[in-house]
Amino acid sequence: MTIKYWLDLYAVLIRSSIRSRMQYKFNFILGTVLAATIQIAEFLMISIVLNKFGAVKGWSLYEVGYLFAVMTLAKTLYRTFASDVHHLERYLTTGELDQLLTRPVPILLALMSQNIRLMPGELLQGGAILYWSMHGMISSGQITWLALPYTLFVIVTGGVILFSIGLATATVGFWITRINELQTLTEDAAQTAVRYPLVLYPAWLRSLLLIVIPVGFVGYVPSLFILRGEYGSWLVYGIALLAVICLVISLRFWKFGLTRYQSTGS
Amino acid sequence: MKNTLPMIEVSGLHKQFRTPVVKEGRFAGIRTLFTREYRMKEAVKDISFSIQKGDFVGYIGPNGAGKSTTIKMLTGILHPSSGEVKINGINPHKHRRQVAKRLGVVFGQRSQLWWDLPVKDSYDILAHMYKVAPDEKEKRQGEMGELLDLKEFWLTPVRKLSLGQRMRADIAASMLHDPDVLFLDEPTIGLDVTAKRSIRGFLKKLNSEFGKTILLTTHDMDDIEQLCERVMVINHGQLSYEGTIENLRDKIGLPTLIRVTFHGTYQLPAPQDQCLPVELGLDAERTFQIVDAGSHEVHIEANRQQVKAMDILRMVSGWGEVADIHMEEPDFEDVIHRVY
């Protein structure tokens with residue numbers, strides 16, 4: 001099994017997944033447009049609030065926008081490439097996972113290529129806000145162009161961290177089957193929380209978002225160096241290492257979880 | 001080359017499912033949530049068997065007996081609680097992908113194909129997955145397409161196929177990568193007579209001409225009777241019978257029903273009580289039973305393993321003037337019913 005084989009197969013699966021979606025064109029287009037609208041409305045809300053109050057605990061509107069954009073882009077990366085990992089519950093309750101298990105393909109690859117959802121809305125919104133906030137900070141001399149490659153790197157490591165959290169959460173489903181609410185907690189709520197600077201939160205919540213669910217390392221921690229020059233560039237590489245560790249742990253957990261799969265009666 | 005090795009080897013297979021005990025009474029829901037009590041349900045208990053290359057084996061049992069659980073363990077979907085499975089010498093739980101490459105799996109209840117795409121596209125994707133060379137794919141697709149008559153719905157999305165068409169498409173798809181072993185879980189469920197016949201014909205051919213090893217689960221005893229050389233019966237998670245269909249019939253020894261109609265009246269022999277064995281006068285073992293005696297008709301049950309039909313007829317003809325005789329062999333479904 002060469003890398004080329006896997007890449008080819010992934011491409012074939014993605015293509016057929018998109019073709020399947022295109023069978024329902026109206027739903028596909030409407031879904032994309034709606035998602036984009038919701039994203040933009042969400043940010044408008046925040047900017048209105050921030051504009052009214054100016055900075056929060058020493059974080060400017062540009063900086064908060066930056067956190068927001070990095071999180072959106074990392075999440076878009078994660079959800080685009082691993083769409084159905086987030087929807088494992090459906091496979092568990094219907095026993096749909098059976099089919100994937102009879103194929104000579106890693107389950108994760110199969111899940112990652114099913115029901116692919118393109119997220120141009122999120123990409124556009126995240127990109128626009130990132131441009132706006134970084135442009136603002138570069139003009140004011142807070143950061144230099146050097147921040148851009150760091151930011152792109154951090155979006156990728158962030159995507160990996162979010163994927164690891166999502167995978168570990170999904171794996172719990174092999175024991176408890178229904179995981180929707182757990183996902184709301186470890187994914188949706190946690191991701192929304194760290195769109196704001198962590199300094200806003202009490203210490204216990206901060207450590208929760210850094211240690212238990214390391215979602216704080218997606219945008220907040222790297223921004224301490226990238227935007228404010230605190231610590232040093234090692235911080236970014238440390239986060240990359242952390243992302244790899246998270247990934248390895250969650251993959252191990254996933255493999256173990258698969259052996260506990262119970263299927264459904266027929 | 002591996003003729004001497006069994007294709008499927010199962011030893012001491014167990015599977016337990018753990019479900020929390022549902023509480024009753026006040027706050028039942030919440031107490032269930034926090035309970036540490038579990039009920040262990042043993043779906044499969046200590047099953048061992050082996051299937052040789054080229055065998056066509058039926059795996060039958062009532063609903064909930066553990067058939068599907070066994071199949072799912074054989075295909076690597078479920079991990080056994082203990083015991084071991086080997087497909088062509090390889091353990092599907094340790095090397096799932098390697099085993100999957102050599103397996104064809106068809107679930108009658110659920111399609112393996114891409115629901116929203118034309119049948120053709122599913123085959124293209126599968127060919128990629130199993131690394132089937134293009135010329136090989138064309139060849140096999142042509143073969144299967146002809147045998148199963150796939151052309152008429154080749155470009156139809158799977159979700160729009162009829163059940164019969166879908167089943168044909170599914171079985172052909174499972175053959176695309178030329179697997180050694182085929183697992184079929186209720187492939188004829190819900191099909192009409194014609195569709196069943198065409199699928200049976202095809203399966204027969206796969207086994208006899210292409211030499212595929214096939215394990216079939218079904219509730220349709222005609223499937224078993226027409227296709228399988230061997231049956232395994234599972235009940236309450238345990239194998240209760242394993243062997244040929246003829247042996248199974250013999251073992252159960254269901255009686256043949258003989259209906260004799262007389263012209264006018266007839267005279268039964270001395271012990272006229274129903275259900276008492278009537279001796280043929282040869283030896284004590286050889287008896288038959290009168291189960292029902294009407295004004296013109298007598299119903300007799302006899303085990304053909306013990307008594308010859310001719311002996312019975314000879315005796316019966318002494319009772320009166322025989323007008324008609326009708327014999328019913330035990331139905332295979334009845335045989336199976338007895339095993340369950």
Side-chain angles (χ1 to χ4, degrees), chain A residues 1-2 4-25 27-28 90-110 113-116 174-178 181 254-266, chain B residues 15-20 33 43 63-64 67-69 71-73 75-80 92-118 121-122 124-131 157-159 174 177 179 183 185-186 189 217:
Chain A
M1 292 291 160
T2 58
K4 188 178 175 306
Y5 166 77
W6 294 119
L7 288 178
D8 277 357
L9 183 61
Y10 185 69
V12 167
L13 290 173
I14 293 282
R15 238 181 294 142
S16 38
S17 177
I18 291 174
R19 263 220 309 285
S20 293
R21 288 239 151 193
M22 285 302 188
Q23 293 266 322
Y24 311 96
K25 284 194 194 71
N27 190 48
F28 182 80
R90 199 184 71 228
Y91 290 82
L92 295 175
T93 50
T94 61
E96 255 182 86
L97 203 65
D98 289 9
Q99 273 116 304
L100 304 183
L101 279 160
T102 60
R103 300 260 163 75
V105 172
I107 302 302
L108 205 50
L109 185 76
S113 56
Q114 294 241 329
N115 295 314
I116 271 282
F174 287 114
W175 284 270
I176 64 170
T177 312
R178 295 261 176 210
E181 303 309 322
W254 166 257
K255 275 216 134 154
F256 178 64
L258 268 179
T259 69
R260 292 293 179 276
Y261 175 52
Q262 298 226 340
S263 189
T264 50
S266 55
Chain B
K15 181 69 190 178
Q16 295 176 326
F17 289 112
R18 207 176 70 149
T19 42
L33 193 61
N63 289 326
K67 286 190 308 284
S68 289
T69 306
I71 294 276
K72 281 174 184 169
M73 285 193 278
T75 48
I77 293 172
L78 288 178
H79 285 242
H93 305 106
K94 291 189 184 125
H95 309 278
R96 184 185 65 82
R97 278 186 273 135
Q98 207 182 332
V99 172
K101 249 186 284 173
R102 307 303 311 146
L103 286 189
V105 184
V106 177
F107 291 114
Q109 310 264 33
R110 204 177 276 150
S111 181
Q112 301 272 91
L113 305 175
W114 276 254
W115 200 239
D116 288 318
L117 296 180
D121 291 24
S122 283
D124 293 342
I125 301 169
L126 287 172
H128 255 277
M129 256 187 198
Y130 289 91
K131 285 216 265 188
V158 175
R159 66 168 190 278
S174 74
H177 57 285
F183 287 106
D185 196 5
E186 304 190 29
I189 195 164
T217 78

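Every chain is numbered from 1 and lettered A, B, ... according to where its sequence line falls, protein lines coming before strand lines. Only this structure's heavy atoms are used, side chains among them; waters, hydrogens and symmetry mates stay out.
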_So, taking the atom named CG in A/Leu13 and the one named CE in B/Met129, what distance separates them when rounded to the nearest 0.5 Å?_
5.0 Å
*Closest contact, heavy atoms only, B/Lys72 versus A/Ser263*: NZ-OG, 2.8 Å
*asked:* Please identify, among A/Leu9, A/Leu100, A/Asp98, the residue contributing the most non-hydrogen atom pairs under 4.5 Å to chain B.
replied: A/Asp98
*Which heavy atom of B/Lys101 sits nearest a heavy atom of A/Pro104, and at what distance?*
CG-CB, 3.7 Å
_Shorter than 4.5 Å, heavy atoms on both sides: which option in B/Asp124, B/Thr75, B/Leu117 has the most such pairs with chain A?_
B/Leu117
*Can you name the salt bridge (charged side-chain N to carboxylate O under 4.0 Å, His left out) partners of B/Asp121, sequence neighbours left out?*
A/Arg19
*Counting only heavy atoms closer than 4.5 Å, note whether B/Ser122 contacts chain A via side chain, backbone, both or neither.*
neither
*Sort A/Gln23 into side chain, backbone, both or neither according to what part of it lies under 4.5 angstrom from a heavy atom of chain B.*
side chain
*Under 3.5 Å: donor-acceptor pair, side chain of B/Gln112, backbone of A/Gln99*: no
*So which of A/Ser16, A/Gly95, A/Pro106 has the largest heavy-atom pair count under 4.5 angstrom toward chain B?*
A/Pro106
*Separation of B/Trp114 CH2 from A/Ser20 OG (nearest 0.5 Å)*: 9.5 Å
*CG-CE distance between B/Asp116 and A/Met22, expressed to the nearest 0.5 angstrom*: 13.0 Å
*In terms of heavy-atom pairs under 4.5 Å with chain A, which of B/Pro157, B/Ala100, B/Gly64 leads?*
B/Ala100
*Minimum heavy-atom separation for A/Thr102 to B/Arg96, with atom names?*
N-NH1, 4.4 Å
_Measuring from atom CD of A/Gln262 to atom OG1 of B/Thr69, what distance do you get when rounded to the nearest 0.5 angstrom?_
10.0 Å
*chain B contact via A/Thr94 - side chain, backbone, both or neither, heavy atoms under 4.5 Å*: backbone
_Residue part contacting chain B, namely of A/Val12, when any heavy atom lies under 4.5 Å_ = side chain
_Spacing of B/Ile125 atom CD1 and A/Ser17 atom OG [to the nearest 0.5 Å]_ = 9.5 Å
*asked:* Under a 4.5 Å cutoff for heavy-atom pairs, which residue among B/His79, B/His177, B/Gln98, B/His93 has the most contacts with chain A?
replied: B/His79
_Atom group of A/Leu258 that falls short of 4.5 Å from chain B, counting heavy atoms_ = backbone
*Please report the C-alpha distance between B/His128 and A/Tyr5 in whole Å, then the side-chain angles of each, then the deciding distance to 0.1 Å, and finally whether the side-chain contact (heavy atoms from CB on, under 4.5 Å) criterion is met.*
CA-CA 9 Å; B/His128 255 277; A/Tyr5 166 77; over 6 Å; no
_Please give me the minimum heavy-atom distance between A/Trp6 and B/Arg97, naming the atom from each residue._
CZ2-NH1, 3.6 Å
